[in-house]
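Let me begin by presenting the structure, written as structure tokens, before commenting on it.
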Amino acid sequence: MKIGVFICHCGENIGRTVDCVRVAKACSFFPNVVHSVEYKYMCSDPGQNMIKQAIKDLKLDGVVVGSCSPHMHEKTFRKAVSDAGVNPFLCEIANLREHVSWVHDDKEVATDKAIDLMRFAVEKVKRNAPLKTIQVPVTKRTLVIGGGIAGIQAALDVANAGYEVVLVEKEPSIGGHMSQLSETFPTLDCSQCILTPRMVEVYQHPKIKLMTYSEVEKVEGFIGNFKVTIRKKARFVDDTLCSGCGDCAIKCPIKKKALSEFDEKLAFRSAIYVPFPQAVPNIPVIDKEVCTYFKNGKCSMCVKVCGRNAIKFDQQDEFISEDIGAIIVATGYKLYTIDKKPEASEIKGYGEYGYGKYKDVVDGLQFERIASASGPTSGEFQRPSDGKTPKKIVFIQCVGSRDESKGFSYCSKICCMYTAKHAMLYKHKVHDGEAYVFYMDIRAGGKMYEEFVRRAIEEDGVKYIRGRVSRIYEEDGKYIVKGEDTLAGVPIQIDADMVVLATAMVAQTDAPKLAQTIGMPYDNYGFYSEVHPKLRPVESSTGGVFLAGACNSPRDIPDSVAMASAAAAKALVLFGSDMLEREPTIAFVNENLCAGCFYCKKVCAYNAIEVKQIKDKNGNVIKEVAFVNSGLCQGCGTCNATCPSKAIELIGYTDEQIYAEIAALM
Amino acid sequence: MQIGYYPGCSLSGTAKEYGKSVRAIFKQLDVELADVTDWSCCGATSGHVTSHKLAMALSARNLALAEKQGLKEIFAPCAACFGRLAVTKQELKNSPALKEEIEGIIEDKLNNTIEIINIIQLFQKIGKEKIAEKKVLDLKNLKAACYYGCLLVRPFNILHFDDAEQPTSFEELVKSTGAEVVEWNYKLECCGAAHSLPRKDIVVDLSKKILDDAMKHGANVLVVACPMCHSNLDMRQKNIIKANPGQKEIPVLYLSELIGLCLGLDNKQLGINLHTIDFNIRLKKNVEEEVAK
Amino acid sequence: MSHQTTNHTRTMTDDIKDITSQNPDICYQCGKCSAGCPVRNYMDEAPNLIVRYIQLGLYDKAVNSSTIWLCAGCLTCTTRCPKNFELAAFMDALREIALKKGIKIKEKAILKFHKAFLKQIKNHGRSYELGLIRDYKLTTGDLMADVDAAPDMLLKGKIGIFPHNIKGKESIKRIFEKTEVK
Amino acid sequence: MENKTFEPKIIAFVCNWCTYTGADLAGTSRMKYEPNVRLIKLPCTGRIDPVMILKAFEKGADGVLVSGCHPGDCHYNAGNFHARRRWIMFHKLLDFVGIDENRLHFSWVSASEGKKFVDVINGFVNKVKAKGPFEKYEKINKEFVING
Ligand SMILES: Cc1cc2nc3c(=O)[nH]c(=O)nc-3n(C[C@H](O)[C@H](O)[C@H](O)COP(=O)(O)OP(=O)(O)OC[C@H]3O[C@@H](n4cnc5c(N)ncnc54)[C@H](O)[C@@H]3O)c2cc1C
Ligand SMILES: Cc1cc2nc3c(=O)[nH]c(=O)nc-3n(C[C@H](O)[C@H](O)[C@H](O)COP(=O)(O)OP(=O)(O)OC[C@H]3O[C@@H](n4cnc5c(N)ncnc54)[C@H](O)[C@@H]3O)c2cc1C
Ligand code: SF4
Ligand code: SF4
Ligand code: SF4
Ligand code: SF4
Ligand code: SF4
Ligand code: SF4
Ligand code: SF4
Ligand code: SF4
């Protein structure tokens, strides 16, 4: 084999800490290396041409590039090699940037390490086999998980491009958090007014199959070819019969036993209910936990009043299987809870703010409901404890966020804005009211955002105080808020009528569970991870899985919508061709060695191993061996490590290749 | 049950009654207190404010002595001593280098395995059932404000036995004597601690707020578990009253005294007669009612 | 321990890092410490500003403040700091440094109290109230302090008239010498 | 205590999706760490065969690090679950052969844990440094027939 080595300086990025000339020189002495050069930018056109030219001139049949992470440019270089007529899988990348030059300071040591990594790669490429990519068909249907504004937008975009969508929402209605908001920054338009038409559009779209009160149970397969099982939870109402008249909810005797989730526990709902009047679909569900029928077989009032016989107490959960090509995850966020800390949680909670025991110390979404015309107070500012109009409100920012001790270290990005909005809405309605905002920094980096915050301060007279509040306690019906103005260096104490905590957006509690169902990564906070924070922000590293909205990190509506459209576009890109290319890194069985023990079959998570019968000329079965279904094998290599006979090998990562790399350590 | 005992300096001086009552009640509750032999002062506030290593060394010496004695646990009734011992243990655990240095200073080796517990933890170990079993007097006429002060549940990263902001364990114990507990706002606010002598003005200000808040929320007795808190709230109460005409008195009891009363021990046995603010009247009334029943 | 700082001059920030094993730069100046500090109103500088001064290298301002002496070590700040910065320990470190540097202390009485207190321990191994009061009064010259409370305390036996000397008195002395506390 | 001249050779078997990417993140974030570790990229920790680890010691590694996705987060659904089961057995084997447990370290580092990657590397390098060079592999080599 004739191997060419190409060392990249990456401008100064590698060259500053790695002596590229010395590396190239050292590589030239490796066995089989016939050509070894360095260059400033290997991924540039001249750089790629250098490789192509060398292949042609020197008849190279193996290439090793020492450059950035293979996650960055492996594709680029494989393509270049392939263009020059060499099988792309005979090209290996050594990571001299992310794993060497950027993480070490000492030039000597870094250069030595770079040479080692090059040696690994050369030893590996020697044992690489020329491979062909695998072609698989694409199912052109999209699953959207989560029906908040992000999921709605993604579903509509894909459907409007002419492809079928299955939209799965776990709550009885789509709409997500946006449906709970009063008015929205930075324009102060009414949230419901702009959202409801979209929700209806989803409902009526011929290409969208809407499944509310449903959850994804199982995801099998891979990009272009997922098989998804969805659990349709029993509503106890037949959605094909119900007309959405609402009589059942009106007559349901349960009035004060269940707190409305939609109203953030500031109001009650009945046992049979639709979460809010504009719900889509407008079909109620029965809450088994509070319904008297489910408790002791009594009542059945809803059955009596329902003119369409839609109530079905014996309804069971259904499981529905769908063939899917692309998945868009848009499961959104939840709010940091100010209640007493949950058991076994890392989060300590704000005992100094009362752990939620003070009725008039509310969180951001509760305040949205109080401010909302459709909320429990019809948009009048009344405090929950006694219904009085608060004359003095204190807003506290960064609660649960930017706080390693009680919550999370990240900035929740939107709460500066919603606090300014809250203070403004309050001042617009309660003219003689006083509004104070305790903040650490004001982060208003969007279009017209800074202007919005300044308006709250300059025109509406909201007082901003730079400092974190240390404690809140109740005294004679007032809430004593103890803070410090760090700009003036003076302690500030305010006796407020009400306190609003700008609580952080945090990941859904079940986010890791869904991630594990799908097999995609998430970060320490529970937010789903994108492949690359700058260049591939809407893709999960699992092929065919895209991300939209606040499930990826805290974000506001404009950003969620933009991300949703981007995710939809990514799904549509996938649907642009009928067949999909896949890396040929799959397992392969040496039938002569295979003992037919099928340990491999047991450990394969993709059911890729099948039983193959070997027959003699007369058609008698002489033995059974393992066989890898190349459409299903994902190339994890677990079978390879398990096989006691060393009969099954993972192409591209064979024992021989790995041992060669290990040996290259010396 | 036998347990190592680190009384600390104040329990034989300014907080004599605390020492007396602690010994009396634990005897009653069948707990044998084994004093750490030849213990020295933990350095208290003055130690750690002047020298980190001095503070570490003074406490470490006591821990080493206790280890030699074969003690597995030591009970330190004074919240400040307890804090010093617990912090020292933790810091030396975190830093083997510091431990080595301190061992050099105290000229002794340390395994650093001893558990240090405070009075509330000790009661929790004994169990409320035991108190109930030995209870003679129901203290139902008392409305107690339990004052944790700063050091009973802090530092929170070392003491995990109760919530650092909304603790309840103190109240739980006091309730077992039959006394009522009041919810109030100042149970964790500092009384000025060691500033009692040099900055009496601060201590008087801070302690007044604590007393006022307790009374405002209906308390007729304050219960404490720290000699410093006691002297600031009891002894300094005289100064507060003098400076604020019309200020009402409120007696301040140690937790051990309160438990002692409920176990049937008398004022003298518990050292309650040594307080600045008199407690007798209420107690008498209580006893009379009990007897009348 | 593999990285050693070599070619830069030692600063007070380094001393603080050594004594407290924490980095003052983690403080983001939210002010929550000052907001809850019980003695905030008596201090000349807010506690968060003391951290700020260290971050800026304005060491004089930090060690000359009354704040570091008025801090009662109540741990309210440490408990609530969103960055888990142990401000109370940081205050301890600053006092220690101020003493080492021989800075003129604003809160003289407080320092004198601590010194008087430690003197008893150094001499006897345990606190000795009468000695403490005597030494404190002699150094501050405030002979009238607490004359009203003292007789009552004496009478109740709460002020020890004789010191209790522990057996290991000498080892305590050596601890003081080795830790260079005068 | 510290051996200034001894620079251990450490081989790390890491999975492509989590730890390798976590190491990339450490690089992108310009975090600095000890240079003694050489990463061998595998698709999944499920691919790791105990023999590889023995092989690494045989070839002169002073320590071996194995790192992949957190349990439950495996890119391949179950790969690292199988790996874990194998490792439990492997620990016993190691013990039997007489390789000090401290020379083999298992950890989970996800793609977003650049900082953790750095901590794991530094922690392990220092641990192996304290142990000193590993000289026993010849003995193992004799006692164990290693194929490949
Ligand atoms: C107090 C407050 C005020 C705000 N004000 C504004 C504002 O004025 N302007 C603005 O631009 N933004 C505002 N926002 C931000 C806004 O709420 C979000 O940007 C937006 O809701 C994000 O949309 P989403 O679809 O990503 O998530 P969500 O709205 O959270 O929707 C996610 C949906 O997915 C569903 N779901 C979750 N898990 C699953 C699962 N496993 N299976 C199926 N379905 C699932 C949920 O039920 C939900 O319907 C505010 C936020 C808060 C907290
Ligand atoms: C100092 C600085 C540092 C930054 N650092 C970072 C960073 O670290 N990380 C980060 O994420 N972002 C960073 N950014 C932001 C980043 O530069 C932008 O987000 C990004 O470049 C925007 O890309 P764009 O394609 O929208 O615009 P541009 O990069 O401006 O590209 C627009 C292109 O359109 C061309 N064009 C303009 N008008 C016409 C016309 N009429 N007809 C045809 N062509 C036209 C221009 O010539 C140009 O090539 C930084 C920005 C600055 C100023
Ligand atoms: S190939 Fe990678 S390392 Fe080289 S210049 Fe391009 S980005 Fe930089
Ligand atoms: S279930 Fe019946 S009563 Fe209830 S909304 Fe539907 S049709 Fe009306
Ligand atoms: S049966 Fe249940 S849901 Fe129906 S009306 Fe009665 S309580 Fe309500
Ligand atoms: S957006 Fe504002 S309020 Fe929210 S965490 Fe960031 S700085 Fe704090
Ligand atoms: S484990 Fe190996 S020997 Fe057993 S069936 Fe699979 S390939 Fe064949
Ligand atoms: S490599 Fe083996 S275990 Fe992994 S998916 Fe393929 S056949 Fe299954
Ligand atoms: S609370 Fe902590 S972070 Fe905030 S200013 Fe004080 S020390 Fe700094
Ligand atoms: S420890 Fe000191 S600075 Fe911190 S709150 Fe208490 S008195 Fe204030």
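A note on names: the letters A, B, ... follow the listed sequences, proteins ahead of strands, and every chain is numbered from 1.
Shown here is Lys130(B), whose NZ atom has more than 12 heavy atoms of other residues, nucleotides or ligands within 6.0 Å. In Lys265(A), the NZ atom is not crowded: 12 or fewer heavy atoms of neighbouring residues, nucleotides or ligands sit closer than 6.0 Å. Atom NZ of Lys53(B) has 12 or fewer neighbouring heavy atoms from other residues, nucleotides or ligands inside a 6.0 Å radius. Other residues, nucleotides and ligands place more than 12 heavy atoms under 6.0 Å from the NZ atom of Lys255(A).
Here the straight-line distance linking atom CD of Glu165(B) with atom OH of Tyr350(A) works out to 11.0 Å at 0.5 Å rounding. Between Glu183(B) atom CD and Lys357(A) atom NZ the span is 5.0 Å, to the nearest 0.5 Å.
A pairwise comparison of heavy atoms in Asp213(B) and Glu475(A) identifies OD1-OE1, 3.6 Å as the closest pair.
Contact annotation: the side chain of Lys216(B) approaches that of Asp476(A) to within less than 4.5 Å [non-hydrogen atoms, C-beta and beyond].
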